[in-house]
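Convention: sequence-line order gives letters A, B, ...; per-chain numbering from 1.
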Amino acid sequence: MERFDEVYEVVKLIPRGKVSSYGAIARYLGTSPRIVGWAMNSVKGEDGVPAHRVVNRNGVLTGKMHFTPPQKMQEDLEKEGLQITDDQILNFTEHFWDPSAELL
DNA sequence: CCACTGACGCGTA
DNA sequence: ATACGCGCCAGTG
């Protein structure tokens, strides 16, 4: 669970209007991407953890189906000024936030 | 205790 | 460029 807590910390640090990827966070924490996804799944009631700002390396909302409702993820991202088409974030690289690079 | 699964990522064919 | 397979760590059955 310590891993999960670290994941939460990083996710919380994601600036509004920016997004990150499982791989980037995992690499920053020195863990595997799967753990990051599992951590998000374990978030459930954890507050202050913008899981909707975490997507896969392709900028696709792979985990949107785990939200309630599933479209909540896209709505929140759009509310933050992000453009999404077919579960895909437009200009993903421009909105991408890498903890290893930005948060060094 | 062993086996299967999962919000992913990368290498190889 | 697309498709298939393996690795990774933790949790649950």
Any idea which heavy atoms bring A:Lys12 and A:Pro50 closest together, and the distance?
-> CA-CD, 4.0 Å
Heavy atoms only: give me the nearest A:Ser20-A:Pro99 pair and the separation to one decimal.
-> OG-CD, 3.8 Å
Please report, rounded to the nearest Å, how far the [atom2] atom of [N] is from the [atom1] atom of [X].
X	N	atom1	atom2	value
A:Ile14	B:dA7	CD1	C1'	13 Å
A:Asn58	C:dA3	CG	P	13 Å
A:Met65	B:dG6	CE	P	12 Å
A:Ile25	B:dG9	CD1	C1'	14 Å
A:Met40	C:dG11	CE	P	14 Å
A:Gln88	B:dA7	CD	P	19 Å
A:Tyr28	B:dG9	OH	P	18 Å
A:Phe4	C:dT12	CZ	P	9 Å

With heavy atoms under 4.0 Å as the rule, sort A:Ala39 into base, sugar-phosphate or nothing.
-> nothing
Per [X] side chain, nearest of listed nucleotides [options]:
X	options	result
A:Ile35	B:dG9, C:dA10, C:dC8	C:dA10
A:Asn56	C:dC9, B:dA7, B:dG9	B:dG9
A:Arg3	B:dA7, C:dA10, C:dC8	C:dA10
A:Trp38	B:dG6, C:dC9, B:dA7	B:dG6
A:Thr62	B:dG9, C:dC9, B:dA7	B:dA7

With the threshold set at 4.0 Å, does a side-chain nitrogen-carboxylate oxygen contact exist between A:Glu80 and A:Lys18?
-> no
Decide yes or no for A:Leu82 and A:Gln74: does some side-chain heavy atom of the first lie under 4.5 Å from some side-chain heavy atom of the second?
-> no
Counting heavy atoms not belonging to A:Lys72, are there more than 12 under 6.0 Å from its NZ?
-> no
Which value, in whole Å, describes the distance between the C1' atoms of nucleotides C:dC6 and B:dC4?
-> 16 Å
